[in-house]
*Asks:* 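Structure in structure tokens, see below.
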There are 2 protein chains.
Amino acid sequence: MRSPLRDDIRRQLLDGLITGRWAPGERIVERRVAADLGVSQAPVREALRELESLRLIESSPNKGARVRPVTRADLREVYQVRAGLEETAARLGAPAVEALEAHTASLEAAAATGSLSGQVSAGIAFHREIVAASGNALLLSVWDGLGLEVWTHLSIRVFRAELHENAADHQPLVDAFRTGDPQAPGLLRDHILSYAP
Amino acid sequence: MRSPLRDDIRRQLLDGLITGRWAPGERIVERRVAADLGVSQAPVREALRELESLRLIESSPNKGARVRPVTRADLREVYQVRAGLEETAARLGAPAVEALEAHTASLEAAAATGSLSGQVSAGIAFHREIVAASGNALLLSVWDGLGLEVWTHLSIRVFRAELHENAADHQPLVDAFRTGDPQAPGLLRDHILSYAP
DNA sequence: AAACACCGGATGATCGATCATTGGGTGTTA
DNA sequence: TAACACCCAATGATCGATCATCCGGTGTTT
């Protein structure tokens, strides 16, 4: 059972965007990509649509797609929306503290080995746990749709952003959830906004 | 300059879903739709992807798409997420009161002529104005991505939901924005949640 | 009869080819 | 020369056909 080709293509394109192989503003020609990857135009189109929903590319009818230049303003928007979503999530339901602690543990482990992407994905997993615990599947899918992992990598590469995922930052949140602190949602929001550029 | 075929197809499918021509759980066969509409399979696939992102259909690899049964729980989730998004929007920036009043006016006009879809879309436009005024384009696009107009029509048809869009409900919100009331975001959230089933 | 292996049609996924639009280049006119 | 009309290559949009997978039916084994 092979996974759909379009998923591979999407990953390839994502990788190119994250690493900067595709320059901002550059045109993405469907047939060119297809030829490079040895596939046909159709799955490339579908992959591009998914990237468009992540706002990594922009396209208009009959004119094709191009790499969207990433600005600080974009990042600010992402953090604002993310903060609102997670605050909402925290109001709807509290996560299991054990799960959060597991994520902070793997965050520390990744930091210890100096794994950048390990830290990023552990940090993301911590927050995803909170959103999932809301019990609202739509909220989770909207949150997933933000593509936070990609944006985080982009912000690090493009803006030399500090890697701000560290276990200490998350401890107050864990404590707030443990004690059922009614201010947890607000804390979470501020925590996220403090990361915004 | 014709608009893309896929847009027409999406509209046709949407209409079928809203009116119930497609029954919940029913399989949506790409070639069948294509043949019915006199087009080929490709644009139908693309249209289906868009419907999937609206969570109106569900699909899995190699197994195709089927109409997603709409439950009250789905609607609750939509309202919760929507409330969170609009609260966030209201915190980020206040809309122009004149614009809001224009929307309530057209809401009243639609109510006067008994136009159901007119009332729905005026009600949606009122809220969209608020989200747009946040200045956060991502927030607006996420909000748009909820497909509220479709969900509203569905809730009315499937659950015989009351049409709760009326100008009087919106007046306190307009007043709060006019006076710069810091509680406006919270009012807005409660306003939306009060509509949830 | 239950469990299993094996067709074969239906259909999603992908392909290669064609249609249609865009944008740039070239010539023409005022 | 500026404005305009036209032509054509590049390429997005769409098509018809093929490949690959799923699923139900059928026969076989134990």
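All chains are named by letter (A, B, ...) in the order of the sequence lines, taking the proteins before the strands, and each is independently numbered beginning at 1. Not measured: the values here are computed from a predicted model.
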*Asks:* From Leu116(A) CG over to Ser121(A) OG, what is the distance, rounded to the nearest 0.5 angstrom?
*Replies:*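 Result: 9.5 Å between the selected atoms.
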
*Asks:* Strictly below 4.0 Å, heavy-atom distances to any atom of DNA chain C: list the hits from residues 30-39 of chain A, or just say none.
*Replies:*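 Within this stretch, Arg31(A), Val39(A) sit under 4.0 Å of the strand.
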
*Asks:* Out of curiosity, Ser106(A) OG to Glu101(A) CD, how far, rounded to the nearest 0.5 Å?
*Replies:*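 Reported to 0.5 Å precision, the distance equals 12.0 Å.
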
*Asks:* How close or far is atom C1' of dT14(D) from atom CZ of Arg49(A), stated in whole angstroms?
*Replies:*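 So the CZ-C1' distance, Arg49(A) to dT14(D), works out to 12 Å.
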
*Asks:* Would you indicate which nucleotide in dA13(D), dT14(C), dT11(D) comes nearest to any side-chain atom of Val29(A)?
*Replies:*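 Nearest to the side-chain atoms of Val29(A), counting from C-beta on, is dT11(D).
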
*Asks:* With respect to the phosphate group of dG12(C), does any side-chain polar atom (N or O) of Arg45(B) fall under 4.0 Å of OP1 or OP2?
*Replies:*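 Looking at the OP1 and OP2 atoms of dG12(C), neither is under 4.0 Å from any side-chain N or O of Arg45(B).
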
*Asks:* Using whole Å, report how far CD of Glu46(B) lies from P of dC15(D).
*Replies:*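 Nearest whole value for this atom pair: 11 Å.
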
*Asks:* Could you tell me how far apart Arg10(B) (CZ) and dT14(D) (P) are, to the nearest whole angstrom?
*Replies:*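 After rounding, the gap between these two atoms is 12 Å.
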
*Asks:* Expressed as a whole number of angstroms, how long is the span from Asn62(B):CG to dC23(D):C1'?
*Replies:*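 Nearest whole value for this atom pair: 12 Å.
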
*Asks:* Grab the CD-P distance between Gln41(B) and dC15(D) for me, whole Å please.
*Replies:*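 Interatomic distance, CD of Gln41(B) to P of dC15(D): 11 Å.
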
*Asks:* Please give me every residue in residues 50-61 of chain A whose heavy atoms get under 4.0 Å of an atom in DNA chain C, ordered by residue number.
*Replies:*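 Within residues 50-61 of chain A, no residue comes under 4.0 Å of DNA chain C.
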
*Asks:* Can you list everything that forms a side chain to side chain contact (heavy atoms under 4.5 Å, CB included) with Arg49(A)? Sequence neighbours excluded, please.
*Replies:*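 Only Arg45(A), Glu52(A), Arg6(B), Glu46(B) meet the side chain to side chain contact (heavy atoms under 4.5 Å, CB included) criterion with Arg49(A).
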
*Asks:* Let's see if you can work this out: which of dT14(D), dG12(D), dG16(C) has an atom nearest to the side-chain heavy atoms of Arg27(A)?
*Replies:*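 That would be dG12(D).
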
*Asks:* Where the side chain of Leu5(B) is concerned, which of dT11(D), dC15(C), dC15(D) is the nearest nucleotide?
*Replies:*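 Closest nucleotide to the Leu5(B) side chain: dC15(D).
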
*Asks:* Would you call His170(B) and Leu100(B) a side-chain contact if the rule is heavy atoms closer than 4.5 Å?
*Replies:*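 Side chain of His170(B) against side chain of Leu100(B), heavy atoms only: no contact under 4.5 Å found.
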
*Asks:* Which donor-acceptor pairs under 3.5 Å do side chains of residues 185-197 of chain A form with protein atoms, sequence neighbours excluded?
*Replies:*
residue   : atom : partner   : partner atom : Å
Arg189(A) : NH1  : Glu87(A)  : OE1          : 3.3
Arg189(A) : NH1  : Glu87(A)  : OE2          : 3.4
His191(A) : NE2  : His127(A) : NE2          : 3.3
Ser194(A) : OG   : His191(A) : O            : 2.7
Tyr195(A) : OH   : His164(A) : O            : 3.0
Tyr195(A) : OH   : Asp169(A) : OD2          : 2.8

*Asks:* For nucleotides 23-25 of chain C, tabulate all protein N/O to nucleotide N/O atom pairs closer than 3.5 Å, reporting atom names and distance.
*Replies:*
residue : atom : partner  : partner atom : Å
dG23(C) : OP1  : Lys63(A) : NZ           : 3.4

*Asks:* Output every pair passing ring pair (Phe, Tyr, Trp, His ring centres under 6.0 Å) with a member in residues 133-156 of chain A, not counting sequence neighbours, ordered by first then second residue.
*Replies:*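 Counting only pairs at least two positions apart or across chains, no ring pair (Phe, Tyr, Trp, His ring centres under 6.0 Å) contact touches residues 133-156 of chain A.
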
*Asks:* Can Asp74(B) and Thr71(B) be counted as having a side-chain donor-acceptor contact under 3.5 angstrom?
*Replies:*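 Yes, side-chain donor-acceptor contact under 3.5 Å.
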
*Asks:* Looking at every strand, decide which applies to Ile9(A) at a 4.0 Å heavy-atom threshold: base, sugar-phosphate, or nothing.
*Replies:*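 No contact.
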
*Asks:* Calculate the interatomic distance between Asp8(B) atom CG and dA13(D) atom P; express it in whole Å.
*Replies:*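 Roughly 14 Å, once rounded to whole Å.
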
*Asks:* Could you grab the distance from atom CH2 of Trp22(B) to atom CZ of Arg66(B), nearest 0.5 Å is fine?
*Replies:*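 The CH2 atom of Trp22(B) sits 11.5 Å away from the CZ atom of Arg66(B).
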
*Asks:* Does CZ belonging to Arg32(B) count more than 12 external heavy atoms closer than 6.0 Å?
*Replies:*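 Open: at most 12 neighbouring heavy atoms sit under 6.0 Å from CZ of Arg32(B).
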
